[in-house]
Amino acid sequence: MQFSLAIAASVLALTASAAPTVQTRDIASGTDQNGSIFMFGDPAGPRQLLFQFGACGLSTYFANQVDPSMPLVAMPAGVFDQFGAAQNNALCAKVITMTNNGVTRQAVVADRNLSVDNSIDMTLDLWEAFGGHDNDGTLIRGFSWSIN
Ligand SMILES: *[C@@H]1O[C@H](CO)[C@@H](O)[C@H](O)[C@H]1NC(C)=O
Ligand SMILES: *[C@@H]1O[C@H](CO)[C@@H](O)[C@H](O)[C@H]1NC(C)=O
């Protein structure tokens, strides 16, 4: 009797905890954003530059929080600056999910970029995933993205 009550109670508890679907709210999101290539060639070097010298100071302030297998990006200043300065920016070290033309990739925010194109600046691995080519800096337009 007590045993089955305990089971009933735990089932109820499970049901109760599963019921409210946790809606993770995006910190930031956008549509129709431009994408650009940071540097041509092997993405390892450019990634290291973003890691060490990007506005977020990932190597200093977030060293153990960044998955080394993730590409890094620089967010357009017009977006970045809404969320704080330098390493205190709320987007720093956060995962961004970017979609363009049916392709979705994730990266980590490392830097701020002031460019007239108001673009998310990325390394060659991401650039090629989205259909770009090495040594071709033509903007890729129409990204939608979210950071949470
Ligand atoms: C930012 O924008 C400038 C000017 O458009 C560009 O030369 C630079 O490589 C960009 N990227 C980064 C990560 O600073
Ligand atoms: C994308 O870049 C072009 C060329 O610099 C610019 O005219 C346009 O406003 C940019 N689009 C967005 C949404 O920022």
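Throughout, residue positions are numbered sequentially from 1 according to the sequence presented. First listed ligand is number 1; within each ligand, the first listed atom is number 1. In this text the structure is predicted, and so the values were computed from the model without any measurement.
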When you pair each N or O of ligand 2 with protein N or O atoms, which pairs come out under 3.5 Å?
residue  : atom   : partner : partner atom : Å
ligand 2 : 2 (O)  : N34     : ND2          : 2.3
ligand 2 : 5 (O)  : D117    : OD1          : 2.5
ligand 2 : 11 (N) : N34     : ND2          : 3.0
ligand 2 : 14 (O) : N118    : ND2          : 3.3

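Within the listing of ligand 1, atoms 9 (O), 11 (N), 12 (C), 13 (C) sit less than 4.0 angstrom from a heavy atom of F38. In the vicinity of L50, heavy-atom distances shorter than 4.0 Å reach the ligand 1 atoms 13 (C).
Residue pairs meeting the salt bridge (Lys or Arg N to Asp or Glu O under 4.0 Å) criterion with at least one partner in residues 63-92, sequence neighbours excluded, are D81-R112. Evaluation of the side chain to side chain donor-acceptor pair (under 3.5 Å) test over residues 126-136, restricted to residues two or more places apart or in two chains, returns D136-T138.
One side chain, N148 or D26, offers a donor N or O that lies under 3.5 Å from an acceptor on the other. Between the side chains of D121 and S36, at least one donor-acceptor pair of N or O atoms lies under 3.5 Å. Between S59 and Q52, the side chains place no donor N or O within less than 3.5 Å of an acceptor N or O (distance only, hydrogens not considered). Side chain to side chain, S144 and T99 fail the donor-acceptor criterion of an N or O pair below 3.5 Å.
Residues Q106 and I96 fail the side-chain proximity criterion, which asks for heavy atoms closer than 4.5 Å.
Every residue was checked against the ring-ring contact (aromatic ring centres under 6.0 Å, His included) condition with F51, not counting sequence neighbours, and none meets it.
The shortest N or O to N or O distance between N113 and ligand 1 is below 3.5 Å.
Residue contacts with ligand 1 include L114, since one or more of its heavy atoms lies under 4.0 Å from the ligand.
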